[in-house]
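Below you'll find the structure, written out as structure tokens, and then a few comments.
Given the structure is predicted, the values throughout are model-derived calculations rather than measurements. A, B, ... follow the sequence lines: proteins, then strands. Residue 1 opens every chain. Note that these values count all heavy atoms, side chains included, but never hydrogens, waters or copies made by symmetry.
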There are 2 protein chains.
Amino acid sequence: MKPASATIRDVARHAAVSVASVSRALNGHSNVHPDTRARVLASAKSLGYVPHAGARSLSLARSHAIGVVLPDLHGEFFSEIVRGMDREAGAHGYHLLLSNMHADAELAAQAMRSMRGRVDGLIVMAPQIDATGLDEALPAGIPTMLINSPDSTGRGAMRVDNRAGIDAIVRHLLASGRRALVHVAGPAGNIDARERREGFLAAMARHAPGQPSRVIEGNFREEAGERAVATLLDEGEAVDGIVAANDMMALGALQALREAGLDVPDAVAVTGFDDVPLARYMGLTTVRVHLADMGARAVARLIDALEHPSDRPGGDTEWLTPTLVVRTTTTERTDP
Amino acid sequence: MKPASATIRDVARHAAVSVASVSRALNGHSNVHPDTRARVLASAKSLGYVPHAGARSLSLARSHAIGVVLPDLHGEFFSEIVRGMDREAGAHGYHLLLSNMHADAELAAQAMRSMRGRVDGLIVMAPQIDATGLDEALPAGIPTMLINSPDSTGRGAMRVDNRAGIDAIVRHLLASGRRALVHVAGPAGNIDARERREGFLAAMARHAPGQPSRVIEGNFREEAGERAVATLLDEGEAVDGIVAANDMMALGALQALREAGLDVPDAVAVTGFDDVPLARYMGLTTVRVHLADMGARAVARLIDALEHPSDRPGGDTEWLTPTLVVRTTTTERTDP
DNA sequence: CTGAAAGCGCTTACAG
DNA sequence: CTGAAAGCGCTTACAG
């Protein structure tokens, strides 16, 4: 038998006061006689009373919970973002309600709807849904912050400046003497993948107008990096730099190159995107997106909007510029 | 102006029925006239009605949410566990309510209490709290599953068999010809750290009675592995195997050894514990704990207990035996 | 098959 | 300073 948790009525009875007084005493209102407060506190303690958060939020129309809807992210990417969010949320007395988003837009919409009435606001990361799909899926009437998602009118957003990141990478490779660069792209339909691809093409056109530039399709996963190298090797094309759309594909490419007996960076330089912790271990040159900060910042902005609803529409997009991290996969060749 | 979300009363009015009928129609009860149901569905749709989960759970005394209280875990460890939990929870229509647990037992207790009334059950991982502290912190009257935590009477638990894991590691090292092993331990007060340390001593006593065995204090973090190697080097003691209490310290040791010009595994073998994804990349021999499975299993058992409360006390402890994963940091020496 | 009513556990004007 | 009452948005016996 679980000893059915004490309710506010039990405390009221035990302290011989009304539930209203219990509520006021426990919530620290000033209009409570010190004696009453003491009695209530004692009763609550002796009964092991813990307020029922659900009832409280129904009454207050405030749950102090934030819904987080993320795609099925891999490893460190996921944990870094969630860690940042959790820290910020916890610091403000909020909880995080998690929901993995399935690729299917319909299921995603349902996941978001199922959060109504249990969260005060929503943080959504939907890089793989198009703008109209996202607009339809997002529940109306609940403050929402978008992370790396297509623009949705009137909602706050956090975005990584993918173009700037790739531009920095390309300039770095060109400066180190690389000429034949190929981009291993992320999955079709993913907004980050698209911007990185476009960024690559734009950077090449701008900084190395005469040079060849090529794109091989990928999917953000390690095997895609390996496959890209296999393709390149098959074709026997001259390549001295691989610009992967994310770290995992870069790592896959790295491994495939080494297995093929090609020296990195002497024969081919390799770069990633994200700077997951693994990148540091593998000496991968990449571009750093501070994921934890991005998550924390999204939460901070959302909470701000929740607690000062009047301030302003709040539909700004905040851009995070990734920073270049040069490591050993792109250092100057030993025999130029 | 957010268009204050429609409530069940709005739908009732719009469909010209009672709220009771709306509730029944929307919840698929059989005792509703088809015409009524159709009208309700149409009204709900046209008003964009989404039930208020908070009100629903107050009424049903069921939130379909599971509270998850974890210590501030690093990287992949965290994401793997949460991923496993989220998958399993999602499959059963449950949400996860996250709360990072601060080391402080008092704050931890508060974090757990703050979940009352918003979750149906709790999953707690508290390797760093002692048994009585945990018992005091755990809220009564809410089904709880413990992961890698001290025993708490009557609650279900999932535990990693740390002793078996270390035993497998030690046997493997001895079999590969190592003799002078040192254990780099985890933080004091952590139950996994303690069991791994004890397991190391026990395994040495059993399998290599005459051999030296030593323990250096650590804290599960990378630097601790580096420091341990520095200590060993300073003392000039003969060591040919380092058994770290987790992967991160093993990685730190690896790096320090290499920087000191010592070949791994020729001069010194190194092993970890956990098998985080990084371990594979670094070729680290370790012992694999399937974190995602552990998380999923904990959720599955909790949900089972929630939905079939009668079945049995449910206070069993389920042990997961980690499996040895041999990689390059322990291969046979080239010059024996 | 349907509706009026009570209830889930809180909070907060309102009246004393 | 205090209590009775209404209300938050639902669900579900209960009576038709």
Open item on the list: Salt bridge or not between A:D10 and A:R13? Use side-chain N to carboxylate O under 4.0 Å.
Closed with: yes

- [ ] Could you state the atom-to-atom distance from CG of A:N31 to C1' of D:dG3 in whole Å?
- [x] 12 Å

Task: Annotated protein contacts, base or backbone, on nucleotides 4-12 of chain D with a non-hydrogen cut-off under 4.0 Å, one of B, S, - each - done: B--BBBBBB

Open item on the list: Over all strands shown, is B:T36 touching base, sugar-phosphate only, or nothing at heavy-atom distances under 4.0 angstrom?
Closed with: sugar-phosphate

TODO: Mark yes or no for whether B:R301, through its side chain, and B:A157, through its backbone, hold a donor-acceptor pair below 3.5 Å.
DONE: yes

Task: With B:R56 via salt bridge (charged side-chain N to carboxylate O under 4.0 Å, His left out) - residues at least two apart - done: none

Open item on the list: Any non-hydrogen side-chain atom of B:M125 less than 4.5 Å from a side-chain atom of B:I81?
Closed with: yes

TODO: Considering only atom C1', compute the distance from C:dT12 to C:dG16 and round it to an integer number of Å.
DONE: 16 Å

Task: From A:M112 atom CE to A:I142 atom CD1, the distance as rounded to the nearest 0.5 Å - done: 10.5 Å

Task: Gap separating the OG atom of A:S21 from the NE2 atom of A:H29, nearest 0.5 angstrom - done: 11.5 Å

Task: Consecutive-pair stems (3 or more, Watson-Crick or G-U, under 3.5 Å) for DNA chain C - done: C:1-3 with D:14-16, C:5-12 with D:5-12, C:14-16 with D:1-3

Open item on the list: If I take atom NE2 in residue A:H33 and atom C1' in nucleotide D:dG3, what distance separates them, rounded to the nearest angstrom?
Closed with: 16 Å

- [ ] State which residue, out of B:D316, B:T317, B:D135, B:L134, fulfils the side-chain contact (heavy atoms from CB on, under 4.5 Å) condition with B:R155.
- [x] B:D135

TODO: Using a 4.0 Å heavy-atom cut-off across all strands, classify B:S63 as base, sugar-phosphate, or nothing.
DONE: nothing

Task: OG-CG distance between B:S57 and B:D120, expressed to the nearest 0.5 angstrom - done: 8.0 Å

